[in-house]
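Every value quoted in this text rests on a predicted model; they were computed, and no experiment measured them. Heavy-atom basis, side chains included; hydrogens, waters and symmetry copies ignored.
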Amino acid sequence: MEMQTEAPSVMDAGYAVADRLMLALPTQWIRSEIGLGMHNGELEVSSSITQFSNARPEWSVPVDPRAAQKQLAQSFELLRLALSADGVEWELGGAEVERRGDGPICLDLFDYGEKKQVIAHLEMDPGDLLFGDELLQALHEGQPKWEARQRELVPWLENHVGWSLHLEQSELELEEADGNQIGARMEIVGSWSKPYESFRWSWADKSYGQVPALVSGTRKLAERAEAWPGQGVLCTPGFDCDAILADALAMLAADHLGGYPVYFGRMPDLTVFVAITGPLFG
């Protein structure tokens, strides 16, 4: 993650922490005490004590646990930067976070000196999160269906040695070892950058936005998702995430576009997610 040089607002930074907690903690958590510390000059989530609720279902969230912890620590660092810009110095004593029912997510920051002093108290609306329960549930429940849909592509992909995109024609072309070419109609879902560990939707990418047909589906999805609580990631141009979550979000989006399979255009530093909207032909 490329750290910002300008501090975000305290509330924006608080929401970033809440989003990362949703990904880093088991989905049925209701309260957590988090210890923070410095290691080799970087902030780390050093310890946590989490309480769970049997009333909350446990979902399998498609993320890299180590990446989720790292990004959580970076979000806390941004929060510290935002507080400092507001004249509040927080020495990383620790944090407590709690959520109950449909109420706000409450975040308290402490300075552990002789007395446990509250440095800041923030309340975040779960409906305004990028990665809320609704999104995590959709990612969990969709996995079996998407995996079955992806398996349908195996006969077409097992012998291919290269790929290319013809943007003006909205066509994906696969090259097989014997030189045969296989084509398919497509829409671009988005892309994931390995160096920056960041995802960008196709409608927010100028290189694809010049061809409206390539991005019309994700643009319409973003417009609809503005009214979906806890799924703000679907209408946010770009955001930090790991490779596992990026793949899952691309398949979720392709499902919304029309139940399409996804071709993962892998390059050393970039993955392009391509929804196959028409039959493959060779």
Side-chain angles (χ1 to χ4, degrees), residues 1 8 11-30 53 55-64 67-68 71-72 75 97 99-107 122-147 149 187-192 197-205 215-262 273 275:
M1 173 181 174
M11 284 306 301
D12 285 346
Y15 271 102
V17 168
D19 275 312
R20 293 301 160 184
L21 285 166
M22 298 297 288
L23 297 175
L25 295 178
T27 52
Q28 75 274 36
W29 66 273
I30 58 171
S53 170
R56 288 186 178 275
E58 182 177 1
W59 298 313
S60 175
V61 182
V63 296
D64 178 340
Q71 290 177 332
L72 174 59
S75 295
V97 60
R99 61 173 178 162
R100 292 188 180 278
D102 296 326
I105 296 177
C106 299
L107 176 63
L122 302 176
E123 295 187 3
M124 279 75 65
D125 184 345
D128 291 335
L129 293 176
L130 300 185
F131 305 102
D133 279 330
E134 294 86 353
L135 179 80
L136 301 184
Q137 184 177 10
L139 289 171
H140 169 76
E141 294 179 348
Q143 291 294 320
K145 177 173 58 176
W146 305 335
E147 290 172 2
R149 190 176 293 151
E187 286 189 33
I188 304 295
V189 174
S191 59
W192 181 77
E197 294 190 311
S198 64
F199 186 102
R200 179 163 290 273
W201 294 110
S202 61
W203 55 266
D205 192 319
V215 302
S216 61
T218 56
R219 194 185 303 277
K220 291 176 182 176
L221 173 60
E223 292 171 355
R224 297 199 307 271
E226 289 181 356
W228 297 347
Q231 302 190 57
V233 70
L234 298 177
C235 52
T236 299
F239 45 88
D240 297 329
C241 74
D242 62 66
I244 297 173
L245 181 57
D247 285 2
L249 287 169
M251 289 189 287
L252 173 63
D255 199 44
H256 280 297
L257 298 189
Y260 300 125
V262 175
F273 302 105

Are any non-hydrogen side-chain atoms of Leu249 and Phe273 less than 4.5 angstrom apart? no
When you measure from the side chain of Asp242 to the backbone N and O of Asp64, does any donor-acceptor pair fall under 3.5 Å? yes
CD1 of Ile30 to CZ of Arg56: how many Å apart, nearest 0.5 Å? 8.0 Å
Measuring only between side-chain heavy atoms, which start at C-beta, is Pro57 closer than 4.5 Å to Thr27? no
Looking at every non-hydrogen atom in both residues, tell me the closest pair between Pro8 and Ala13 and how far apart they are. CG-CB, 3.9 Å
Give every donor-acceptor pair under 3.5 Å between a side-chain atom in residues 215-226 and any protein atom, sequence neighbours left out.
residue: Thr218; atom: OG1; partner: Ser202; partner atom: OG; Å: 2.8
residue: Thr218; atom: OG1; partner: Val215; partner atom: O; Å: 3.2

Tell me, please, which residues at least two apart from Gln137 pass side-chain hydrogen bond (donor to acceptor under 3.5 Å, both in side chains). Glu141
For Phe131, enumerate each residue passing the ring pair (Phe, Tyr, Trp, His ring centres under 6.0 Å) test, keeping only those at least two apart in sequence or located in another chain. none
When you compare the side chain of Gln71 with that of Leu23, does any pair of heavy atoms fall below 4.5 Å? no
Criterion side chain to side chain contact (heavy atoms under 4.5 Å, CB included) on Met22 and Ile105, from CA distance to verdict: CA-CA 11 Å; Met22 298 297 288; Ile105 296 177; 4.3 Å; yes
Not counting sequence neighbours, which residues clear ring pair (Phe, Tyr, Trp, His ring centres under 6.0 Å) with Tyr15? List them please. none
List the residues meeting side-chain contact (heavy atoms from CB on, under 4.5 Å) with Pro229, not counting sequence neighbours, and say none if there are none. Glu134
Side-chain heavy atoms of Leu129 within contact of Val233, under 4.5 Å: no
Non-hydrogen side-chain atoms of Leu245 and Val61 separated by less than 4.5 Å: no
When every non-hydrogen atom of His140 is compared with those of Ser60, the smallest separation belongs to ND1-N, 3.1 Å
Gln231 CD to Leu139 CG distance, which is reported to the nearest 0.5 Å: 8.5 Å
To the nearest 0.5 Å, atom OG of Ser198 lies from atom CZ of Phe239 at 9.0 Å
In terms of heavy-atom contacts, Ser75 and Arg20 come closest through OG-CG, 3.1 Å
NZ or CZ of Arg99 within 45° of Trp29 ring axis and under 6.0 Å: yes
Nearest-0.5 Å distance that lies between atom CZ in Arg200 and atom OG1 in Thr236: 10.5 Å
Candidate pair Leu135 and Trp228, rule side chain to side chain contact (heavy atoms under 4.5 Å, CB included), full reasoning: CA-CA 9 Å; Leu135 179 80; Trp228 297 347; over 6 Å; no
What donor-acceptor contacts under 3.5 angstrom involve side-chain atoms of residues 250-260, with partners at least two apart or in another chain?
residue: Asp255; atom: OD1; partner: Arg149; partner atom: NH1; Å: 2.8
residue: Asp255; atom: OD1; partner: Arg149; partner atom: NH2; Å: 3.2
residue: Asp255; atom: OD2; partner: Lys145; partner atom: NZ; Å: 3.1

If you measure from CD on Glu123 to SG on Cys106, what distance do you get to the nearest 0.5 Å? 4.0 Å
Take Glu197 and Asp240, measure what side chain to side chain contact (heavy atoms under 4.5 Å, CB included) needs, and give me the verdict at the end. CA-CA 6 Å; Glu197 294 190 311; Asp240 297 329; 5.8 Å; no
Kindly indicate whether the side chain of Trp192, heavy atoms from C-beta on, has any atom under 4.5 Å from the side chain of Asp247. no
